[in-house]
Every structure is written in C-alpha cells, then in structure tokens.
Amino acid sequence: MSSPSASTRKGLSKIACNRLQKELMEWQINPPAGFNHKVTDNLQRWIIEVNGASGTLYAGETYQLQVDFPEHYPMEAPQVIFIPPAPLHPHIYSNGHICLDILYDSWSPAMTVSSICISILSMLSSSTVKQLPADNDRYVKKCKNGRSPKETRWWFHDDKV
C-alpha cells in the first residue's frame with residue numbers, strides 16, 4: 001500500500017540519511033522486542049514485522065508495518081501504516097491507517113523508529129476488544145484515492161485503548 005506521492009516523493013536529505021543509518025545500526029544491535037526489520041535496499045521505506053505480545057489479544061499474531069520517511073526526517077514524522085490485513089483494533093482502520101498521536105500532532109524529532117514500534121505494540125497490547133473503529137467504513141471510503149493518513153485531521157480523544 002503506498003500513497004500516490006510515494007513515486008513523486010523527494011529523496012532523503014543528508015540529515016535524514018545519517019539519522020536513518022544510525023537508527024538502522026542501532027536496530028541491528030538492539031532491536032525492540034517483538035519486531036523484525038525486513039532488510040531491503042530502500043532506506044526511505046522500512047517494512048517491519050510486528051509480533052503480538054504474549055498475554056494480549058494479539059498474542060501469536062504477526063502483522064507488517066510500512067514506514068515511509070519524508071525528506072526532512074526526523075524533523076517531520078514518518079508515515080506509518082499497517083500493510084493489510086491490519087489488526088482489528090479500535091484505533092487501526094482496515095486500510096492500515098493508525099490513529100496514534102505520536103505519528104501526527106505529538107511527533108518529536110527525538111522519537112525513533114524503535115520508539116514508534118514500542119508505542120504501537122503498547123497500543124495493541126492495552127486493547128480489551130478486537131474491533132474496527134466505529135467510523136471505519138466512512139473513513140476508508142474517504143481514503144479510496146490513496147489519501148495519506150498524514151492528510152487526515154485526527155481527533156485524539158480515547159486514551160483508554
């Protein structure tokens with residue numbers, strides 16, 4: 001799944017390249033528990049395997065995240081989506097878009113791919129129900145033309161899940 005801008009997206013800045021190479025080296029030495037980076041030759045797009053934590057609704061399940069880095073990473077947040085099929089979760093849409101504030105309004109350049117992954121696993125692990133967001137059908141229909149989740153005005157109101 002990729003946005004239409006993926007093919008026209010600019011390359012990474014030197015700062016972004018250096019930062020991502022550093023994060024990738026750190027990941028290889030000390031990967032976050034429950035995650036596996038699928039090695040490719042594309043530094044601008046990472047595919048990450050997510051393993052549901054034991055003792056949670058997602059235990060034994062495996063999903064894939066696609067992380068697309070913008071030209072000015074880490075000053076700008078990466079686009080992070082689940083490659084369908086996405087987990088059933090109140091904050092994850094069936095098209096893979098994730099409603100999580102650190103991916104949008106609360107992004108900080110101090111965050112890393114590892115910290116994003118840990119936040120996503122925490123969000124999954126704290127869920128008490130496996131269900132789609134209430135507005136899933138409407139939202140997914142609005143995204144039919146390849147709209148990026150970064151173009152959405154998210155309303156972060158539920159910190160219980």
Side-chain angles (χ1 to χ4, degrees), residues 1-7 9 20 23-24 26-27 30-40 42 44-70 73-74 76-161:
M1 172 179 224
S2 64
S3 66
S5 61
S7 60
R9 179 177 51 216
L20 285 170
E23 285 192 45
L24 188 55
E26 175 63 29
W27 185 293
N30 186 26
F35 296 91
N36 180 36
H37 173 251
K38 293 188 160 192
V39 179
T40 68
N42 186 350
Q44 199 163 4
R45 173 174 285 170
W46 291 17
I47 304 297
I48 299 172
E49 191 173 83
V50 182
N51 297 301
S54 61
T56 71
L57 293 175
Y58 303 93
E61 297 179 14
T62 302
Y63 302 97
Q64 289 190 348
L65 287 173
Q66 178 178 299
V67 184
D68 289 307
F69 298 96
Y73 178 81
E76 184 183 336
Q79 175 179 286
V80 183
I81 61 170
F82 276 98
I83 297 172
L88 285 175
H89 186 280
H91 296 305
I92 302 171
Y93 290 84
S94 60
N95 63 357
H97 292 192
I98 305 166
C99 180
L100 181 63
D101 63 347
I102 66 160
L103 300 177
Y104 312 102
D105 299 348
S106 296
W107 173 254
S108 163
M111 292 179 187
T112 63
V113 178
S114 291
S115 65
I116 292 168
C117 288
I118 291 166
S119 293
I120 290 172
L121 188 59
S122 175
M123 181 183 78
L124 285 172
S125 298
S126 65
S127 183
T128 58
V129 294
K130 279 187 165 186
Q131 67 183 34
L132 291 171
D135 63 339
N136 182 75
D137 292 344
R138 182 176 50 84
Y139 176 78
V140 171
K141 186 176 181 181
K142 286 172 90 175
C143 294
K144 282 285 188 224
N145 296 329
R147 182 168 125 186
S148 164
K150 292 177 83 175
E151 296 172 28
T152 299
R153 292 192 70 184
W154 296 100
W155 182 41
F156 305 108
H157 61 88
D158 180 7
D159 60 358
K160 294 180 217 128
V161 180

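For this chain, numbers begin at 1 and follow the sequence in order.
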Student: Any donor and acceptor pair, going by atom type alone, linking the side chain of His97 with main-chain N or O of Tyr139 inside 3.5 Å?
Tutor: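 Absent.
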Student: Just wondering, do Ile48 and Val113 contact through their side chains at under 4.5 Å, heavy atoms?
Tutor: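 Counting from C-beta outward, Val113 and Ile48 do come under 4.5 Å.
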Student: Once you measure the plane-to-plane angle for Trp27 and Phe35, does it fall in the parallel (<30°), tilted (30-60°) or perpendicular (>60°) bin?
Tutor: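 Correct class here is perpendicular.
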Student: Looking only at heavy atoms, which two atoms of Ser94 and Asn136 are closest? And how far apart?
Tutor: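 Here Ser94 and Asn136 meet closest at N-OD1, 2.8 Å.
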Student: Quick one: does Arg45's side chain get under 4.5 Å of Thr40's, heavy atoms only?
Tutor: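 In short, these two side chains do not touch, never coming nearer than 4.5 Å.
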Student: Tell me whether Tyr58 contacts the main-chain N or O of Leu88 through its side chain, where contact means a donor paired with an acceptor under 3.5 Å.
Tutor: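 The answer is yes, because a donor-acceptor pair under 3.5 Å joins these two groups.
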Student: Drop me the distance from Asn36's CG to Gln64's CD, to the nearest 0.5 angstrom.
Tutor: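 Going from the CG atom of Asn36 to the CD atom of Gln64 covers 9.5 Å.
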Student: Atom NE2 in His89, atom OG in Ser126: separation rounded to 0.5 Å?
Tutor: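 The OG atom of Ser126 is 5.5 Å from NE2 of His89, to the nearest 0.5 Å.
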Student: Working to the nearest 0.5 angstrom, can you tell me the gap between Leu124 CG and Lys130 NZ?
Tutor: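 Interatomic distance, Leu124 CG to Lys130 NZ, rounded to 0.5 Å: 9.5 Å.
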Student: So Val80 and Ile98, side-chain contact (heavy atoms from CB on, under 4.5 Å) or not? Walk me through it.
Tutor: CA-CA 7 Å; Val80 183; Ile98 305 166; 4.1 Å; yes
Student: Please answer whether the main-chain N or O of Ile118 pairs with a side-chain N or O of Ser122 as donor and acceptor at a distance below 3.5 Å.
Tutor: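 Checked: no pair found.
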Student: Is any side-chain heavy atom of Leu65 closer than 4.5 Å to one of Ile116?
Tutor: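 The answer is no; the side chains never approach within 4.5 Å.
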Student: Can you give me the closest heavy-atom contact between Thr62 and Glu49, atom names plus distance?
Tutor: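 Residues Thr62 and Glu49, closest heavy atoms: CG2-CG, 3.2 Å.
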Student: For Ala86 and Tyr93, work out which heavy atoms get closest and say how close.
Tutor: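 Taking every non-hydrogen atom into account, CB-O, 3.8 Å.
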Student: Is there side-chain contact between Leu24 and His37, with heavy atoms separated by less than 4.5 Å?
Tutor: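 Sidechains of His37 and Leu24: in contact.
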Student: Between Ala59 and Ser54, which heavy-atom pair has the shortest distance, and what is it?
Tutor: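 Where Ala59 meets Ser54 most closely, the heavy atoms are CB-CA, 3.8 Å.
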Student: Which heavy-atom pair separates Val67 from Pro78 by the least distance, and what is that distance?
Tutor: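 Taking Val67 first and Pro78 second, the nearest heavy atoms are CG1-CB, 3.8 Å.
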Student: How far apart are the closest heavy atoms of Asn51 and Leu121, and which atoms are they?
Tutor: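 That would be O-CD1, 3.7 Å.
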Student: Would you check if the side chain of Gln44 reaches a backbone N or O of Phe69 as a donor-acceptor pair within less than 3.5 Å?
Tutor: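 Yes.
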Student: Supply the atom-to-atom distance Ile81 CD1 to Gln79 CD, rounded to the nearest 0.5 angstrom.
Tutor: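 Nearest 0.5 Å value for the CD1-CD distance: 5.5 Å.
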Student: Would you compute the distance between atom CD of Glu61 and atom OG1 of Thr56 and round it to the nearest 0.5 angstrom?
Tutor: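 One gets 8.0 Å once the value is rounded to the nearest 0.5 Å.
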Student: Run the side-chain contact (heavy atoms from CB on, under 4.5 Å) test on Ile120 and Ile92 for me, step by step, so that the C-alpha distance in whole Å, both residues' side-chain angles and the decisive distance to 0.1 Å come before the verdict.
Tutor: CA-CA 10 Å; Ile120 290 172; Ile92 302 171; 5.7 Å; no
Student: Is any side-chain heavy atom of Tyr73 closer than 4.5 Å to one of Glu23?
Tutor: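 In short, these two side chains touch, coming nearer than 4.5 Å.
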Student: Is the backbone of Thr112 close enough, under 3.5 Å, to the side chain of Ser115 for a donor and an acceptor to pair up by distance?
Tutor: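 It does hold such a pair.
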